[in-house]
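A short write-up of the structure that comes next.
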Amino acid sequence: MYNLTWVVRQGTYHLVTPWCLRLILPGTKAPATLTLRHGWSRNMSVGTTASASKTWRAGQERTADRPGGENKDSVVSEGVEQKQSVIGESQSRVADSEGRLSARLQDDSKQMTKIGGIAIAQSIEERGSTTAAHRDVPHHIPPPPVPPPLHLDYGPTPTIPQRLVLSSPPTLAAYMQLMRLDRPIGTWLLFWPCGWSLALSAAPGCLPDLWLMTLFGVGAMVMRGAGCTINDMWDRDYDSKVARTVGRPLASGCLSQFDALVFLGAQLGLGCLILQELNFYSVCLGAASMGLVITYPLLKRFTYWPQLALGFTFNWGALLGSAAALGQCQWAVCAPLYFSGVAWTLIYDTIYAHQDKYDDVIIGIKSTALKFGEATPRWLAGFGMTMISGLLAVGHNAGQTWPYYLTVALVSGHLVKQIWTLDINNAADCGQKFRANRHIGLLLFLGIVTGNLLKE
């Protein structure tokens, strides 16, 4: 704490100087100086030099008076005594100086401690006054962070569902966008296999059951929304890296994962209530599809055939419609109808995947669009032939009439035109071709209903 320099020259020079040299240098002086460097200094001269010189001269005088034989021995003994007396006197004076220095240091330490305590007390008092002043001033709680706005780029002519989303409050609009109410094409693609199956299960000359059609229509909207919510929860990190999906509610931060989870629970609960309106066979069959609904979004990370898994999921209604109308699946009709729907899904979802193929390559997502590449038209033609073959088998097994086969021919022509004019490197053209598939579903549904009305 103190930078202290000691210079003691009085007592130490007798310790380090031989006695023979001290006889030659009797007049050597060694003042003791104590210097303290911490804002103050003190010089203390220990007056031992004069007494040491006097003692030495007295010894010399006594030595001169003694006989020669005793002179040498007496000089040695007196020198030793002189040395011991000087050393003892020096040590006592040094100890006395150290005692006085220690006392002074203790006084300074007490004084510094007192000053530090006063400074700390003043600091505490100032802090207390500042805190009290802050208590007197009313606190302004900062508002919660505002979520980013929804990415609602619907172009110059938004559709009716898109206008509904635009006119809704921001939070409600985020949930509507999460379940894709602004883009109902997915609901139509999920509903049409259900409608086909219900129409094929109707009695000859009758229309399909209107109550079941309503239940399946609402169920398709709800379960499609639940599937989109699950997909966005799995793909939140991927969606934020794709230009087309970066504005989705979870990817943009408008909604949290917990918000989506609660909303998913509400959708699945509503779907279960709708399912409870059907017979027990249909309830069990509908519950069996949940594994596909949950796992489908994960397959794009591991295989180039996620569109095949989507086909198995989206066309489950082809089985469920027959079960709801008849109490069991009419497998001769439902099985070819189901696989025709799977082939149809491979067509339109491969076209859909070509919109994001460049981003998918960057982030590591797999799809049939990447697997087929430039050979996509040939693969789509093969899926189209599979679909038409399955529909012909359905008509034969269901005993359909000529309006049905005419409709199948029209569907074939639509697919040929769609595949022939498809530009897989044009995202806008791919989106347009994808959305056109809702017309295929409607056209086939009308052919089934008309053909069933002409049955005898």
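Just so it is clear, the values below take in all heavy atoms, side chains as well, and ignore hydrogens, waters and symmetry mates.
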So does Gly341 get a backbone contact from the side chain of Asn315, meaning a donor-acceptor N/O pair under 3.5 Å? yes
May I ask you to test the Thr421-Lys433 pair for a side-chain heavy-atom distance under 4.5 Å? yes
Under 3.5 Å, is there a donor-acceptor pair between the side chain of Asn231 and the main chain of Cys228? no
Might you point out which heavy atoms bring Met213 and Phe191 nearest each other, and give the distance in Å? CE-CZ, 3.6 Å
Assess whether atom CH2 of Trp316 is packed by more than 12 heavy atoms of other residues, nucleotides or ligands within 6.0 Å. yes
Report the distance from atom CD1 of Ile448 to atom CH2 of Trp192, rounding to the nearest 0.5 Å. 10.0 Å
Check whether any side-chain heavy atom of Met176 lies under 4.5 Å from a side-chain heavy atom of Ser168, and answer yes or no. yes
Taking the side chain as everything from C-beta on, heavy atoms only, tell me whether Ile424 gets closer than 4.5 Å to Glu374. yes
When rounded to the nearest 0.5 angstrom, what distance separates CG in Asn437 from CD1 in Ile185? 7.0 Å
Is there a donor-acceptor pair under 3.5 Å between the side chain of Gln355 and the backbone N or O of Tyr352? yes
Shortest non-hydrogen pair, Asp360 vs Ser367, comes out as OD2-OG, 4.3 Å
Between CD1 on residue Ile347 and CD1 on residue Ile440, distance to nearest 0.5 Å: 7.0 Å
Check for a donor-acceptor pair, side chain of Thr368 on one end and backbone N or O of Lys371 on the other, with a separation under 3.5 Å. no
How long is the straight-line distance from CZ of Phe372 back to CH2 of Trp379, given to the nearest 0.5 Å? 5.0 Å
Is any side-chain heavy atom of Met233 closer than 4.5 Å to one of Leu250? yes
Salt-bridge criterion met for Asp235 and Arg248 (N-O under 4.0 Å): no
Look up atom OG1 in Thr450 and atom OH in Tyr404, then write down how far apart they are to the nearest 0.5 Å. 12.5 Å
Got a sec: does the CD of Gln257 have more than 12 other heavy atoms crowding it under 6.0 Å? yes
Side-chain touch Leu346/Leu310, heavy atoms, less than 4.5 angstrom: no
Do Arg163 side-chain atoms and Pro158 backbone N/O form a donor-acceptor pair below 3.5 Å? yes
Donor-acceptor contact below 3.5 Å, side chain Asp209 vs main chain Leu212: yes
Are Cys430 and Leu422 packed together at the side-chain level, in the sense that at least one heavy-atom pair is separated by less than 4.5 angstrom? yes
Heavy-atom count check: over 12 atoms from other residues, nucleotides or ligands less than 6.0 Å from Tyr405 OH? yes
Taking atom CZ of Phe339 as the centre, report whether more than 12 heavy atoms of other residues, nucleotides or ligands fall under 6.0 Å from it. no
Heavy-atom pair with the smallest gap, counting every atom of Ala309 and Leu299: CB-CD1, 3.1 Å
Looking only at non-hydrogen atoms, find the nearest pair between Ala199 and Val449 and report the distance. CB-CG2, 3.9 Å
With no hydrogens and no angle check, just 3.5 Å: does a side-chain donor-acceptor pair link Ser197 and Ser322? no
Looking only at non-hydrogen atoms, find the nearest pair between Ala323 and Cys329 and report the distance. CB-SG, 4.3 Å
Go through it in stages, so that I can follow the logic: the residues are Lys455 and Gln400, the test is side chain to side chain contact (heavy atoms under 4.5 Å, CB included), and I'd like the CA-CA distance, side-chain angles, deciding distance and then a yes or no. CA-CA 7 Å; Lys455 282 183 181 180; Gln400 280 290 337; 4.0 Å; yes
If only atom types and distance count, is the side chain of Arg438 paired as donor or acceptor with the main-chain N or O of Arg435 below 3.5 Å? yes
Starting from the C-alpha separation in whole Å, work towards a yes-or-no answer on side chain to side chain contact (heavy atoms under 4.5 Å, CB included) for Leu164 and Leu181. CA-CA 9 Å; Leu164 179 62; Leu181 282 182; over 6 Å; no
With side chain to side chain contact (heavy atoms under 4.5 Å, CB included) as the criterion, how do Leu319 and Trp331 come out once you've worked through the C-alpha distance, each side chain's angles and the decisive distance to 0.1 Å? CA-CA 8 Å; Leu319 307 177; Trp331 291 107; 3.8 Å; yes
Check this for me: His396, atom NE2, are more than 12 non-hydrogen atoms of other residues, nucleotides or ligands nearer than 6.0 Å? no
Looking only at heavy atoms, which two atoms of Met179 and Met221 are closest? And how far apart? CE-O, 4.1 Å
Step through the shown structure and confirm whether more than 12 heavy atoms of other residues, nucleotides or ligands are within 6.0 Å of CE on Met290. yes
Going from CG on Leu270 to CG on Leu275, what distance comes out if it is rounded to the nearest 0.5 angstrom? 11.5 Å
Taking C-beta and beyond as the side chain, do Tyr238 and Lys300 meet within less than 4.5 Å on heavy atoms? no
Can you list the steps and then say if Gln276 with Val283 is a side chain to side chain contact (heavy atoms under 4.5 Å, CB included)? CA-CA 7 Å; Gln276 292 298 320; Val283 171; 4.3 Å; yes
Can you confirm whether the side chains of Thr345 and Gln307 place a donor and an acceptor under 3.5 Å from each other? no
Does Thr376 reach the side chain of His354, with side-chain heavy atoms less than 4.5 Å apart? yes
Pick from Phe314, Phe434, Trp196: which one makes a ring-ring contact (aromatic ring centres under 6.0 Å, His included) with Trp344? Trp196
If you count every heavy atom of other residues, nucleotides or ligands that lies below 6.0 Å from Trp234 atom CH2, does the total exceed 12? no
Any chance the side chains of Gln330 and Asn397 put a donor and an acceptor closer than 3.5 Å? no
So, Asn425 and Lys357: side-chain donor and acceptor under 3.5 Å apart, yes or no? yes
Less than 3.5 Å apart, any donor N or O on the side chain of Asp232 or Thr229 sitting next to an acceptor on the other? no
